[in-house]
There are 2 protein chains.
Amino acid sequence: MGQNTNGTRQRLIDTAQALIWKSSYGAVSVDDICKAADVKKGSFYHYFPSKVDLAVATMEESHAQLKVIYDECFSPGIGPLARFEKLADAVYQAQVETAAKYGMVCGCPCASMSSEMACQEDSVRNKFEEISRRQERYYETALRDLVADGLLPGDTDVRAKAEEIYAYFLGQLTMARIQNSLESLKQNLKPGLLRTLGLKQTLAGAA
Amino acid sequence: MGQNTNGTRQRLIDTAQALIWKSSYGAVSVDDICKAADVKKGSFYHYFPSKVDLAVATMEESHAQLKVIYDECFSPGIGPLARFEKLADAVYQAQVETAAKYGMVCGCPCASMSSEMACQEDSVRNKFEEISRRQERYYETALRDLVADGLLPGDTDVRAKAEEIYAYFLGQLTMARIQNSLESLKQNLKPGLLRTLGLKQTLAGAA
DNA sequence: TCATGATTTGACCGGTCAGTCAACTACTAT
DNA sequence: ATAGTAGTTGACTGACCGGTCAAATCATGA
């Protein structure tokens, strides 16, 4: 179970992630992935039992990459509101970098793939559920701190609010992907997130 | 250019809309559509130059169906805030009916398909742009009435707010589709929409 | 040295893909 | 009647699909 000599498996994951993110699961074939990763078909099926299994692995990979950002943004060392602001900035920045790398706005890889496949592949739906849950837990912690700071009412349903925030990001990123534009993300992501938080009183402008 | 004897073309559109909505563009083949619509392959290509052209036609069809709902909800006969509330109810109700019809929560057909294909097919992206724009115009009218009623500040960027509302629906519906659940839609769609509106003062509870 | 298991290779499979085509049918206008 | 047109049919194409497989290669440790 240790790491294999070459990074064949990882190379397949990275390549598939990029190709699927840029287009879609259905539009990318196993042959496409193999060719781009310089891996022969037989090797592919040595590491993954099927195409969808690789897809699920790319979702986990995407989450792992995002986790680095989340861990930094949600450091308890800073105030809870500032954490969300940091997150909005980081998400936007990540989209800018991805757009530069792939030549188009790609949105959230997990969301796009799940929207395409969740209705047919339970493994994808379950993976999405797992990943979204993990991200929502970051929100919940910060939301509880907002309650403690008196910025949110004491009876706030933290779990529901966290889901709402996740759905908010999903909507913004999906929209940006379809429109292939970073503009509304730049304009609206942060203020919209703050509005979604539904703070008792708006603290304008510190930053 | 008149209507053809039988509704072959329309049958293809309706069938494709249902099949793609339930799964995805990539997972549905032209043969699948033809078989389900009881239309021979040759006839398919008599009416549509390609598979994506049919897909774009289903987007227009989806919009036409939604337009009926919109026209009713956004009747100027009722207050602007009540229009949005009516819309939230109607969107939820439509999802309930679709879920019952197809056995799963399907979300927004245009959004799912566009998220899947917009990165590769400009015709899809353009159609989405056209349709989303048409829907946003309903929001803009109601938003201006909200401003006139003093429920929104006079300097509200109505265009941007309309886009935000559209993105909000898109996020909620995509989430519901992936999770295959109407629950959060039922709980959150209306209050979240009202929060997205960002009214100066909340008018709790009438009806 | 040899045995063992992990990895790689490329030929191969049957089925399906989007799309084509020439022939055929049915309606319509003259 | 007949010519033109719109619609229909199903056989066909060649490329591509996801997936299989047996044989070859490699690394490792006894």
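In the text below, chain A, chain B and the rest are named by the order of the sequence lines, each starting its count at 1. This is a predicted model, so every value here is computed, not measured.
Minimum atom distance to the side chain of A/Val30 is reached by D/dG18, of the listed D/dG18, D/dT8, C/dG19.
The side chain to side chain donor-acceptor pair (under 3.5 Å) check on A/Asn188 picks up nothing, with sequence neighbours excluded.
For B/Lys41 against C/dG19, a side-chain N or O and a base N or O form a donor-acceptor pair under 3.5 Å.
In summary, the side chains of A/Ser62 and A/Gln17 do present a donor paired with an acceptor at a separation below 3.5 Å, with no hydrogens or angles considered.
In this structure, CZ of A/Phe44 is placed 20 Å from P of C/dA11, rounded to the nearest angstrom. For the pair B/Leu12 CG and D/dT8 C1', the computed distance is 12 Å after rounding to whole Å. Straight-line distance from the CZ atom of A/Phe48 to the C1' atom of D/dG18: 15 Å, rounded to whole Å. One interatomic measurement links the two molecules: CG of B/Asp32 to P of C/dG19, which rounds to 14 Å at whole-angstrom precision. Note: CG (B/Leu54) to C1' (C/dG19) measures 14 Å, nearest angstrom.
Between D/dA6 and B/Tyr47, no contact under 4.0 Å exists linking OP1 or OP2 to a side-chain N or O. Regarding contacts with the backbone of D/dG7, a side-chain N or O of B/His46 is found under 4.0 angstrom from either OP1 or OP2. Phosphate proximity of C/dC17 to B/Ser29: present, with a side-chain N or O under 4.0 Å from OP1 or OP2. One finds no side-chain N or O of A/Tyr45 lying less than 4.0 angstrom from the OP1 or OP2 phosphate oxygen of D/dT20. OP1 or OP2 of D/dT8 sits under 4.0 Å from a side-chain N or O of B/Thr8. Residue B/Lys40 has no polar side-chain atom (N or O) positioned under 4.0 Å from OP1 or OP2 of D/dT8. In this structure, B/Ser43 does not reach the D/dG7 phosphate: none of its side-chain N or O atoms is under 4.0 Å from OP1 or OP2.
Taking a cutoff of 4.0 Å between a charged side-chain nitrogen and a carboxylate oxygen, A/Glu129 and A/Arg133 do not qualify as a salt bridge. With respect to the salt-bridge test (charged N to carboxylate O, under 4.0 angstrom), the residues B/Lys35 and B/Asp31 do not qualify.
The aromatic rings of A/Tyr70 and A/Tyr139 lie tilted to each other, with the angle between the two planes from 30° to 60°.
If you find the closest nucleotide of DNA chain D to A/Gly42 and to A/Val28, the one lying nearer the 5' end belongs to A/Val28.
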